[in-house]
Each structure stands twice: as structure tokens, then as C-alpha cells.
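Starting from 1, each residue takes its place in the sequence as its number.
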Amino acid sequence: MRVRALALTAAAALALPLATMAPASAKPPIRITSIVAVNAPGPTDANDFSWPVSAEAPDGTVYLAAVIGKAQSIVADKPTGAPTTLVAATGIGTTIALAADKHDVYVGSATAINAYDRSTGALVQTWALTAKPRVLSDLVVAGDRVWALQVPVGFNRAPSTIIELDPTSATRVLTKNGVYDTFDLAASPTGIYYVTNKDSTLVHLTNAGVATSAKTHLVVNQLLAGPGAVQAMFVTGNAVVVEFSFGQGTDAEVYAYNATSLTGPGKGSSFSDGAELTATTAGLMVVANPEADICPTSFTQLCLRRFALGGPADYGNVVKLSYDEYGPILGPHAAIVVQSNNKQRVVRIG
């Protein structure tokens, strides 16, 4: 065991300090602090829609990868100054996932994960991947390690694979096969969290390879929702947050578990499977379209709000985003990549 189990009830465990549990409306209003157009080329054919993959480094630099055929442009947008092309590479395949730490940006495709120096754009490391029967779906930075998730291709129930990488070594630290029903990873400074085994088990796997698990205590209708309805989203404070998608429309809920003891769930909060939620230095942020019951019904496009865990929907003030499409909320410094007419912008929130 990584740590001894705490002798606490679920309610007491989740009463540990969690600043994000405070009502969103009690915090200062959020606002757009900057909107920057990025020179990330989109598809040449308007019918070939290609959404740019994005990630954020600890200093707030946003990285985007946009696709034109097999050519890749990794664009860096720092909090100040004009966006620049960090690297223009060919032959690496379509970028599926990005991650960044203090030193490098990690670019994942179906066949490899490449690490580029954030200062020079030089290729510093490559880890080969096998494209089938699984394909890369997620990259996260956990302290001084990088974790990758490969999910099964096709509709039959098959296991995922979790890979641990040390940026200073070309050799994998860990390859964990046979992980069923896992499609997302949540990173902390010490390792990762994920949900597995038909939504029944929450696992904390440390960078040192120590696994701790506990029951999710969430009842899932496997016929309607199927395995994979419960997935880890992110870690905030001493809570690991999971989403439970009901499998009917976009109805969902989010729950918080104690990140140390894995005790939980706490009280659920209503959510939409069509929305994006993450933790930032400005609090929990959610972005959604008008159909997600998060934006006012009068809105015709997107909105951004704070989110409160463990209680009634309390979103605080609303920020309107007049764009057609959006990507995930990025952290630690709140930002989001939006797109209209195949043109991308980085919207920063404070």
C-alpha cells in the first residue's frame, strides 16, 4: 500500500480541505483576459474537419497541433507575445495527444510519442508505440513522469494499456496491459488515477509502481451505459474527480473521492457529458454549449463558468464565447482553444 488507510467515514474524508467545494458564485467573477489568434493551419478541405489537439505547460504556454495531411505544426502560444511554431515535423502521423512539463512538450501519434525541447524545438526522445489493436488516446504529466493510455480499437470489449515514461530515458518504465474499461487518466504530482473493471474500481498508481484501489460504490446500468461510464477526470486539492455518464443523452454526474484514501463518493453534482470541466488556478471551470443546461437558454453559442462540486448547480457568473467549436479547458492557468471557420484562437480566463 502506498499509504495507510485513513480511519474516516466517507463524509469525514471528503471534509478534508477542498477549496473547490465552495460555491462558485462566492468567488470573484471570471472574465476573458486575452484572445490570441494562433497560426495553426487547419485542413485544406472544408469538409475534412480537423480539430487541433492542445495542452498547457506549467507556465501557461499553450501548445497546439493542427493537421495538414502528414505534416505537423506544433504551435506555442505563451501568455505574452506572439504565437510561434515550435517545430514543424513530417512523417510522425496525425497527432492524437499532447502534454507538456517544464522542459519538454510530448507529441503522441498512433505509432510514437516524441519529446521536443520547449526552448529549441529539438527532438530529444522517442518512444515507439504499436498502433493496433490499441491506439493512443491520452497523455498526462505526473510529476517527473509521463503517462500514456492506449485504448482498444473496435467495438468488442478489450483491455487498455497504460504506459509510464521517464523523460530522461528511451526505455519504458512500465507497461501495464489488461486494464479493462479505462479510457481516461487523471494525473497528480505522484502518479495517476483511473477507473477500471466495469466502472467498479478506482485505482491510484504511483510513479514508483505502487497501486492502491477502492470500490467506486457507483451503480452502473451496464446495458444502458456500458463499461467505461465512470472515468477519472482530474485531481484538485485532495480530491480526484470522476464523471459518471448515464448513457442516455448527455445526462451525467461528477463525484469527488479522497485522493489519499480513495474514500467516496461525495455528493454528486449534475453535469452534462457534452461539457468540459477541469481544475485551474482560478477554480473549477466548465465550458458547454446551450444544450448542456449550463449556459442560459437564451445563448446560441458557447459559455464558460465556474463549477461547484458536491451540491446543487452553482455556476457563478457566465462568460459568453461567440465561437462554433471548443476544445477542453486547459490548466493550470485557465485557457481554452476555440474555433470558427477553421481558424483557432486561444482564449485565456482570469
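Scanning all heavy atoms of the two residues, the minimum distance from P296 to R305 falls at CD-NH1, 4.4 Å. Minimum heavy-atom separation, P152 to A158: CG-O, 3.4 Å. The two residues P265 and H217 come nearest to each other via the heavy atoms CD-CB, 3.9 Å. Between P83 and V75 the shortest heavy-atom distance is CB-CG1, 4.1 Å. The shortest non-hydrogen separation linking A57 to Y63 is CB-CE1, 4.1 Å. Shortest non-hydrogen contact noted between A211 and V203 is CB-CG1, 4.5 Å.
F244 is linked by a ring pair (Phe, Tyr, Trp, His ring centres under 6.0 Å) to F246, counting only residues two or more places apart in sequence or in another chain. Under the ring pair (Phe, Tyr, Trp, His ring centres under 6.0 Å) criterion, F299 pairs with no residue, sequence neighbours left out. Applying the side-chain contact (heavy atoms from CB on, under 4.5 Å) criterion to A55, with sequence neighbours excluded, gives L98. With sequence neighbours excluded, the residues that form a salt bridge (Lys or Arg N to Asp or Glu O under 4.0 Å) with D77 are R348. Applying the side-chain hydrogen bond (donor to acceptor under 3.5 Å, both in side chains) criterion to T175, with sequence neighbours excluded, gives R172. Scanning for ring pair (Phe, Tyr, Trp, His ring centres under 6.0 Å) contacts around F271 gives F307, with sequence neighbours left out. Qualifying side-chain contact (heavy atoms from CB on, under 4.5 Å) partners for L224, counting only residues two or more places apart in sequence or in other chains: N221, Q248.
When only modelled atom types and interatomic distance are considered, W147 and D138 share no side-chain donor-acceptor pair under 3.5 Å. T216 and D199 are not linked by any side-chain donor-acceptor pair at a separation below 3.5 angstrom, with hydrogens and angles left out of the test. A side-chain donor-acceptor contact under 3.5 Å links S245 and E243.
Under a 3.5 Å cut-off, the side chain of Q125 and the backbone N or O of A115 do not form any donor-acceptor pair. No donor-acceptor pair under 3.5 Å is formed between the side chain of T201 and the backbone N or O of K215. Panel note: side chain E56, backbone H333; a donor-acceptor pair is recorded below 3.5 Å. With hydrogens and angles ignored, the 3.5 Å screen pairs a side-chain donor or acceptor of N207 with a backbone N or O of A142. Of the possible donor and acceptor atoms, one in the side chain of T196 sits under 3.5 Å from a partner among the backbone N and O of Y180. Between the side chain of S109 and the backbone N or O of A112 there is at least one donor-acceptor pair closer than 3.5 Å. Put simply, the side chain of S160 gets close to the backbone of T182: a donor and an acceptor are under 3.5 Å apart.
With hydrophobic clusters built from ILVMFWY side chains whose heavy atoms lie under 4.5 angstrom apart, I96 shares a cluster with V151. Both L149 and V140 are assigned to one and the same hydrophobic cluster, defined by single-linkage of ILVMFWY side chains at heavy-atom distances under 4.5 Å. Cluster annotation: V107 is not connected to L136 through the hydrophobic network of ILVMFWY side chains, with a link wherever side-chain heavy atoms come within less than 4.5 Å. When the side chains of ILVMFWY residues are joined at heavy-atom separations under 4.5 Å, either directly or via intervening members, Y323 and I32 end up in a single hydrophobic cluster. Criterion: ILVMFWY side-chain heavy atoms under 4.5 Å apart, direct or through other members. Under it, V240 and V230 are part of a common hydrophobic cluster.
In this structure the side chain of R31 never reaches within 4.5 angstrom of the side chain of V319, judged on heavy atoms. Annotation: side chain of Y257 is not in contact with side chain of L262 (no heavy-atom distance under 4.5 Å). Counting heavy atoms from C-beta on, the side chains of I329 and V286 never come closer than 4.5 Å. Counting heavy atoms from C-beta on, the side chains of I30 and R306 come closer than 4.5 Å. You'll find the side chain of P79 reaches within 4.5 Å of the side chain of T61, heavy atoms only. Inter-residue side-chain proximity for L174 and L205 is flagged as met; some heavy-atom pair is nearer than 4.5 Å.
Here the options are E325, Q344, R345, the test is side chain to side chain donor-acceptor pair (under 3.5 Å), and the partner is Q339; only Q344 passes. A side-chain contact (heavy atoms from CB on, under 4.5 Å) with M233 is found for one member of L185, V242, T278, L277 and no other, namely L277.
For the atom pair OG1 of T212 and CG of L202, the computed distance is 10.0 Å after rounding to the nearest 0.5 Å. Note: L64 CG to S73 OG = 11.0 Å, rounded to the nearest 0.5 Å. If you take CG on N289 and CG on L321, they are separated by 11.5 Å, rounding to the nearest 0.5 Å. Separating the OH atom in Y255 from the CG atom in L218 is a distance of 5.5 Å, to the nearest 0.5 Å. Interatomic distance, T281 OG1 to I349 CD1, rounded to the nearest 0.5 Å: 11.5 Å. Annotation: the span from L309 atom CG to K267 atom NZ amounts to 12.0 Å, rounded to 0.5 Å.
Counting only residues at least two apart or in different chains, disulfide (SG to SG under 2.5 Å) contacts with residues 130-181 are absent. Pairs engaging residues 174-184 under the salt bridge (charged side-chain N to carboxylate O under 4.0 Å, His left out) rule: R157-D181 [sequence neighbours left out]. Residue pairs meeting the salt bridge (charged side-chain N to carboxylate O under 4.0 Å, His left out) criterion with at least one partner in residues 108-133, sequence neighbours excluded, are D59-R118.
Other residues sharing the hydrophobic cluster of V219, ordered by chain and number and joined by side-chain separations under 4.5 Å: none, the residue standing alone.
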Evaluate the side-chain contact (heavy atoms from CB on, under 4.5 Å) criterion for residues S188 and Y193: first the C-alpha distance (whole Å), next the side-chain angles of each, then the deciding distance (0.1 Å), finally the verdict. CA-CA 8 Å; S188 76; Y193 294 82; 3.9 Å; yes
Donor-acceptor pairs are to be reported for all side-chain atoms of residues 161-169 against protein atoms at under 3.5 Å, with residues two or more places apart or in another chain.
unit_1 : atom_1 : unit_2 : atom_2 : d
T161   : OG1    : R134   : NE     : 3.1
T161   : OG1    : N177   : OD1    : 2.9
E164   : OE2    : R145   : NH1    : 2.7
D166   : OD1    : T168   : N      : 3.0
D166   : OD1    : T168   : OG1    : 2.8
D166   : OD2    : T168   : OG1    : 3.3
S169   : OG     : T171   : N      : 3.1

